[in-house]
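Remember, it's 1-based here, ligands and their atoms both numbered in the order they're listed. We number each residue from 1, following the sequence as shown.
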Amino acid sequence: MKPVKIGIIGLGTVGGGTVNVLKRNAEEIARRAGRQIVIARASAKDLSKQRICDTTGIELTTDPYDIINDPEIEIVCELIGGAGAVKDMVLAAIAKHKHVVTANKSLIALHGNEIFAEASKQGVIVAFEAAVAGGIPIIKAIREGLSGNHIEWLAGIINGTGNFILTEMRDKGRDFYDVLKEAQALGYAEADPTFDVEGIDAGHKLTILASIAFGIPLQFDKVYTEGITKITREDVEYAEELGFRIKHLGIARQTAKGIELRVHPTLIPERRLIANVDGVKNAVLVYGDAVGPTLYYGAGAGAEPTASAVVADIIDVVRALTSDPENRVPHLAFQADALHNVPVLPPEQFKTAYYLRLNAEDKPGVLADVTRILAQHHISIDSIIQLKPLDDCALVPVILLTQITLEQEMNAAIAEIEALSTVNGKINRIRLETLG
Ligand code: HSE
């Protein structure tokens, strides 16, 4: 059969890795796809820049539209990231009846509904495995491998930079910003690192996972995001003493009232496998009613791990080139006309357990006041620890672990406790999930 010609927009970390994998494994890839895959053209902003890949035999251009408008190219790989001009490029490629492979999580999370609708109209595929958890085939696992299940919840470490920072803080006692700088130098961090540390990147990925798990439209604007900048070394150490690890999790859960979509630092029992996923690695735990818990682990960022997912998508598209569009796996796992508008819950409606750290005066009745306020808000305490006084200070740190409660009750209780004259400053609150 005639080789399939593809074009690659972007020759940075992911684009360069994709060229390398496609070239190195060309023979095996052709045996899998049933056709040879040829990189006919590639574009980059600056062609004089040093690359991680060998571009011999590829026609290079600075204009992505040279690729999009080339009638010979059947698959366009968008590997530049971002959601501005890139959206127009992807829509232009679709309008030209080209299949698209992308690693762009923000593009899919923010504009996926529109992009998939256009793709369906044109009968083309938009594949995005590399958009979530780098090299872990989590989209395929949920969309196809678990398609017989009712997915109850999923929880994932889906930002490698954040996990790297928390791991280094815990293992080496390193400072937050010092580790962030290293993650940037290693090429893990987003162009704007606040996306990593404030949970926005994880929010994009969670949006995608929730849609394919629950059959709902993509709705990034409804994801609650909280970053890791307020986590202190003390919290990490106290959590360890209590048998927990702090991980920055993306959690999507179906409840009777609606869906919880939330990204925040979370205490999880250290005995859980996912609690031991360290460094830049990602992991996603998915709970299906039939299968129970399943865990997917691997590299969530980096040139070749991400290329692994991009190339798998290219192979999938090549295999599907001759199939009728209506017989293909739906973009969001569920048929487009069968997505449900289940409400996404506001944070006040979340139900979770909590770790609370407060600094209180060391005198009779202080803890009684705190526990009375919690009881008035129907919050049950699991454990309470009073630590040694802080240096040169009459205050003692108190750690409380609560049972599952409604977030709005916890918000009200925290406000009342913070108003006590015997409690100093703000309470540090971290949500706790047993992931059982
Ligand atoms: N900045 C992202 C991360 C890259 O650290 O996980 C992969 O999406």
Side-chain angles (χ1 to χ4, degrees), residues 10 12-18 21 52 77-83 86 101-110 112 127-139 154-169 176-210 212 218 220 223 225-229 231 247-251 263-266 274 277-285 296-313:
T13 306
V14 181
T18 300
V21 173
I52 59 166
C77 301
E78 180 281 299
L79 304 174
I80 46 182
V86 174
V101 172
T102 179
N104 192 331
K105 52 243 166 158
S106 60
L107 177 77
I108 298 299
L110 300 177
F128 53 95
E129 180 64 70
V132 183
I136 306 174
I138 186 64
I139 304 285
L154 60 87
I157 296 170
I158 44 181
N159 180 268
T161 302
N163 201 43
F164 181 60
I165 293 172
L166 289 176
T167 305
E168 291 286 304
M169 281 172 74
F176 184 96
Y177 289 99
D178 172 41
V179 191
L180 173 60
K181 266 194 213 141
E182 190 183 338
Q184 285 174 297
L186 290 168
Y188 301 144
E190 294 301 301
D192 176 354
T194 58
F195 273 41
D196 295 300
V197 298
E198 296 300 350
I200 298 160
D201 176 74
H204 289 148
K205 295 165 180 168
L206 186 73
T207 302
I208 300 171
L209 290 178
I212 60 167
L218 296 150
F220 170 70
V223 179
T225 52
E226 184 181 307
I228 53 173
T229 46
I231 300 295
K247 292 290 178 191
H248 200 201
L249 291 189
I251 299 171
V263 174
H264 50 70
T266 316
I274 195 168
V277 170
D278 287 334
V280 75
K281 289 285 192 288
N282 281 196
V284 185
L285 185 54
Y296 309 84
Y297 165 84
E304 294 218 357
T306 312
S308 163
V310 171
V311 174
D313 271 350

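The side-chain heavy atoms of D278 and K247, taken from C-beta on, include a pair separated by under 4.5 Å. At least one side-chain heavy atom of I251 sits less than 4.5 Å from a side-chain heavy atom of H264. Put simply, the side chain of T225 does not reach to within 4.5 Å of the side chain of E198, judged on heavy atoms. Within the 4.5 Å cutoff, no side-chain heavy atoms of T161 are placed close to those of F195. For the pair N282/Y296, no side-chain contact is recorded, criterion being any heavy-atom separation below 4.5 Å from C-beta on.
For ligand 1 and A301, the ligand atoms under 4.0 Å from any heavy atom of the residue are 4 (C), 7 (C). Short contacts between ligand 1 and Y188, defined as distances under 4.0 Å to a heavy atom of the residue, involve ligand atoms 1 (N), 2 (C), 3 (C), 4 (C), 5 (O). For ligand 1, the atoms sitting less than 4.0 Å from at least one non-hydrogen atom of T161 are 1 (N), 3 (C), 5 (O), numbered in the order shown with element in parentheses.
Side chains of N163 and K281: a donor-acceptor N/O pair is absent below 3.5 angstrom, by distance only.
Heavy atoms of N159 found under 4.0 angstrom from ligand 1 belong to the backbone as well as the side chain. At a heavy-atom distance under 4.0 Å, only side-chain atoms of D201, from C-beta outward, approach ligand 1.
Using bins of under 30°, 30° to 60° and over 60° for the plane-to-plane angle, the ring pair F164/Y188 lands in the perpendicular bin.
Considering backbone and side-chain atoms alike, D196 places an N or O below 3.5 Å from some N or O of ligand 1.
Heavy atoms of G300 come nearer than 4.0 angstrom to ligand 1 in at least one pair.
Counting protein heavy atoms only, atom 2 (C) of ligand 1 is closest to E190 OE2, 3.1 Å. Protein heavy atom in closest approach to atom 8 (O) of ligand 1: K105 NZ, 2.6 Å. Summary of contacts: the protein heavy atom closest to atom 6 (O) of ligand 1 is G160 N, 2.7 Å.
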